[in-house]
Amino acid sequence: MYTEKVMDHFTNPRNVGEIENPDGVGEVGNAKCGDIMRIYLDIEGDIIKDVKFKTFGCGAAVATSSMVTEMVKGKTIDEAMVISNAAVAEALGGLPETKMHCSNLAADALHKAIENYKDNQLKKE
Amino acid sequence: MYTEKVMDHFTNPRNVGEIENPDGVGEVGNAKCGDIMRIYLDIEGDIIKDVKFKTFGCGAAVATSSMVTEMVKGKTIDEAMVISNAAVAEALGGLPETKMHCSNLAADALHKAIENYKDNQLKKE
Amino acid sequence: MRRIYLDHSATTPVDLEVATLMMTYYTEKYGNPSSVHGFGREAKQALEEARRQVAELIGATPQEIVFTSGGTEADNLAILGTAEAMRKKGKHLITSAIEHHAVLETFEYLEKNGFELTVIPVDAEGIVSVEDVRKAVRPDTILISVMHANNEVGAIQPIVEIGNLAKELGITFHVDAVQSLGKIPINVKEMNIDLLTVSSHKIYGPKGVGALYIRKGVRIVPLAHGGSQEKRRRSGTENTPGIIGFGKACELIGKRMAEDSKLQTKLRDRLMNGIVERIEYVKVNGPIGEKRLSNNVNVSIRFVEGESLLLSLDMLGIAASSGSACTSGSLDPSHVLLAMGLVHEIAHGSLRFSLGRQNTEEEIDYVLEQLPKIVERLRMMSPLYDQ
Amino acid sequence: MRRIYLDHSATTPVDLEVATLMMTYYTEKYGNPSSVHGFGREAKQALEEARRQVAELIGATPQEIVFTSGGTEADNLAILGTAEAMRKKGKHLITSAIEHHAVLETFEYLEKNGFELTVIPVDAEGIVSVEDVRKAVRPDTILISVMHANNEVGAIQPIVEIGNLAKELGITFHVDAVQSLGKIPINVKEMNIDLLTVSSHKIYGPKGVGALYIRKGVRIVPLAHGGSQEKRRRSGTENTPGIIGFGKACELIGKRMAEDSKLQTKLRDRLMNGIVERIEYVKVNGPIGEKRLSNNVNVSIRFVEGESLLLSLDMLGIAASSGSACTSGSLDPSHVLLAMGLVHEIAHGSLRFSLGRQNTEEEIDYVLEQLPKIVERLRMMSPLYDQ
Ligand SMILES: Cc1ncc(COP(=O)(O)O)c(C=O)c1O
Ligand SMILES: Cc1ncc(COP(=O)(O)O)c(C=O)c1O
Ligand code: FES
Ligand code: FES
């Protein structure tokens, strides 16, 4: 059911873990199935220097988490903000129909982490 | 579906044919399935000396016709009158449930032939 | 004893290649296609390949195929499912007088439950007239169901014309193609068919498997409830080995159709003409030539009864079937022959031979040698026959 | 790669003896059992022998067995057929919260169509209380349906007691015995069961075959219309080879039940205890001991998600199943675990291993060696887990 790429990211997920004192953190729960994902960002200037994730979820949830971290590392936060669920799914060579909602987790958690970073910046000012 | 005895009577039916100038003839059609049987009797005193049949019908119809002729040959007409459908079916080692009605043909035609004989006798008197 | 099987319209043997493939899925690749693991995935994959094979034979897309437990279930699903889905739109149903019991009895059930039914008659050859269908249509007609080829007399119906009519009028069109599949090319798109019933055990596939083609966009209410198999259109653990066998059988018959048909037409005509030449008082039932299935022979032999004929043939190892009341549970002779105008008594003495891939000329000649003797013997016994 | 199949509650491989027998009926004795000729008779005979074999395993008479296309169809036939036959007598139905979808969804369909439904809860072990059933009964109750053993957690229900109650009150009693057949002795007469669902592919028989036991005298309205097969209770050409395979599988499992059960209980406890010993934060779901099916292991492993567990096991060739939402189309986690009071998040991380005849101690030990590593890896990834 899953593509090779999905299985690869599930088996060898990139960027698993936490960042101590992160610049931004985003956590989302998938209302549909109850899965949970947390993303940690380390940002310098506008650039995402490092990114880590933790996920409680299905194979697709883990794989999209891993994929999205790869996609944003080194990107500007503006570039990261426009990464869509569909783009993550596509980067994985597609997801089964019933699993399309899983890709929401990753993109949503990412966007939330960036917003959290922006909030933190505002508070610092 | 049929017993060996039924198949034997179907393959080698006893007493097939007609009797010229019979003492009694009975013909019945099976209302349920449209099959037809005719029985010819040759009677001396009260004794059935000879009996023949012709049948247009299923395997069970042919076999019961054949069996009933065997059962009555040499019997008195009173003995013949009490031969029931069930008795014919039993003599054949039984019939499938959906084929029980077929035994009606033979007993009914026999009884009709005996009544025809009695009618003929009355007319002669 | 030799055995000559001439009852392929009742059921066919399973092709050895098909049976061998199925064995693998019974004993090795036995996973449940709904399972997440490797056993499940390999079953699922083969299931989807079968769906593709069935779709290809009838010009559909795989998503439009729903597997069922046979032709009967597919007919029921098509008819009950449409009636339920469309009952707010209308209550009028149209079918023909020569449909299989699975279709006719389903319509009669609906008629008893608030729907209205028009049954179109057939002509003496067993063919429905498109004009009759057109005349039967009402503003509240929701379904037209006409079979592709009849199972008893092999009469091929004007499906293209009825399909055009149904399309023009926007009425759902169901076709029971159980007997035509693999014998006449079918293309549901070109023929404007919305629902098509097929069955595996008539095309050298396993029994207990069938499919309903449901044109994309046509809504059907499912018959049974439970698992979400077949996109919720048919619940129950899939009969994976059976379905895989059906798929393979579709692939094989697709390749062999033209050749099978040519060979069987030859045997059919040899048998049909031979019977007519050798036996007196015989009537061929159904159309002659193009409008007849390549494997169907149906004759009425006067003054003798069908079951007696069958039993006598059977004792020589020849398997055939009959429209006689006496072979059926119902005790009414074939509704198809009666609809074609045959009187009860003649319908009663009818005999169907249906040919298959393995039959030979020599087998046909053996039947032609034996049948006249059987008929002679039974006629001698018959009160209806006067030399 | 080695392959360890631990998903026998989803489906089983077909016994080689069964498959070999079936092959004969696919390719040689392929007649339609409704046919009058020799091919038909030999098929019919084998069909009736299968009916006898199934009946014997459950203490019924052959006439009380109706073959279907599987457990799902049998459940639907039992429930829809009773509701339709009894609707004039009453509209109230009773079932339990842990039934299979084939039962629950059928009742829910009826509830949407004018019937009233009471769903009995279960305790923390997944067992229905007879008192709750008694309290739910109303004067217009027409059907009680409770499964024999649950497919997810293996909880065996108090069927004898519920059967006594149903008999005392004169209410039709249906039991889904798909998971218990061949694992626990069943006697429909002694247990006062009126309708019993069984399925072939859970007892080393073929998929796509099942049966409904209908106690003599109990009336059921059929689901489908058509041929007069199965005494008009189930239309459609019989899946003869499948049914014959099912019959044989019943005979075989009847003989092996006691021994199978002993061996599997040992493996089950080895696996269950091993998991609890080796992994922290694990909860066993379902009863311990006598009230549990001999082949069922079900655990919730906290902080990890079920599908991830399954995929990880699958990569090592280990086939299991899960009550996780993520493995099902519906996205709700197991209704059974929720009914037992598990919170969503814990139900989500549940894993079912279901043992079969071919499993070995060595296989169990391999799972016990690998599973802790998998859990460790997934927990490291989990935002819910704090060492
Ligand atoms: C025209 C037609 N429709 C439907 C059916 C029923 O199909 P099945 O035997 O697969 O239930 C048959 C087979 O007898 C048939 O000939
Ligand atoms: C308890 C129970 N009932 C019914 C079914 C459905 O049976 P089948 O798979 O034969 O449709 C199953 C099988 O999944 C089951 O476990
Ligand atoms: S007499 Fe007609 S079915 Fe037997
Ligand atoms: S995220 Fe829950 S199913 Fe994929």
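Computed from a prediction, not measured in an experiment: that's the story for all the values here. Residue numbering restarts at 1 for every chain, and letters A, B, ... go by the order of the sequence lines.
Heavy-atom distances place the backbone of D:Glu238, and not its side chain, under 4.5 Å from chain C. Heavy-atom distances place the side chain of C:Tyr109, and not its backbone, under 4.5 Å from chain D. When heavy atoms are compared at a cutoff of 4.5 Å, D:Ser322 does not approach chain C at all. For chain C, the nearby part of D:Pro241 is the side chain; its heavy atoms alone come within less than 4.5 Å. Contact of C:Met22 with chain D is made through the side chain alone, with heavy-atom distances under 4.5 Å.
Under a 3.5 Å cut-off, the side chain of C:Lys207 and the backbone N or O of D:Tyr26 do not form any donor-acceptor pair. Of the possible polar contacts, one joining the D:Asn32 side chain to the C:Ala10 backbone as a donor-acceptor pair under 3.5 Å is found.
Taking both residues in full, the closest heavy atoms of C:Thr11 and D:Tyr30 are given as CG2-O, 3.1 Å, listed atom of the first, atom of the second, then distance. Nearest heavy-atom pair, C:Leu223 versus D:Asn76, reported as atom, atom and distance to 0.1 Å: O-OD1, 4.5 Å. Smallest separation of non-hydrogen atoms from C:Ala19 and D:Thr27: CB-CG2, 3.7 Å. Between C:Thr72 and D:His225, the closest heavy-atom pair is CG2-O, 3.6 Å.
Counted within 6.0 Å of CD on D:Glu111, heavy atoms from surrounding residues, nucleotides or ligands total more than 12; the atom is thus considered enclosed.
When each of C:Val103, C:Thr106, C:Leu313 is checked for heavy-atom pairs under 4.5 Å with chain D, C:Thr106 comes out on top. Among the candidates C:His100, C:Arg41, C:Gln229, C:Glu307, the residue making the largest number of heavy-atom pairs closer than 4.5 Å to chain D is C:Arg41.
The closest side-chain donor-acceptor pair between D:Arg234 and C:Ser69 falls under 3.5 angstrom.
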Test salt bridge (charged side-chain N to carboxylate O under 4.0 Å, His left out) on C:Glu105 and D:Arg232 and set out the steps. CA-CA 12 Å; C:Glu105 292 190 11; D:Arg232 307 199 65 84; 3.1 Å; yes
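In this structure, C:Val209 and D:Asn239 have side chains that are not in contact, with every pair of non-hydrogen atoms separated by 4.5 Å or more.
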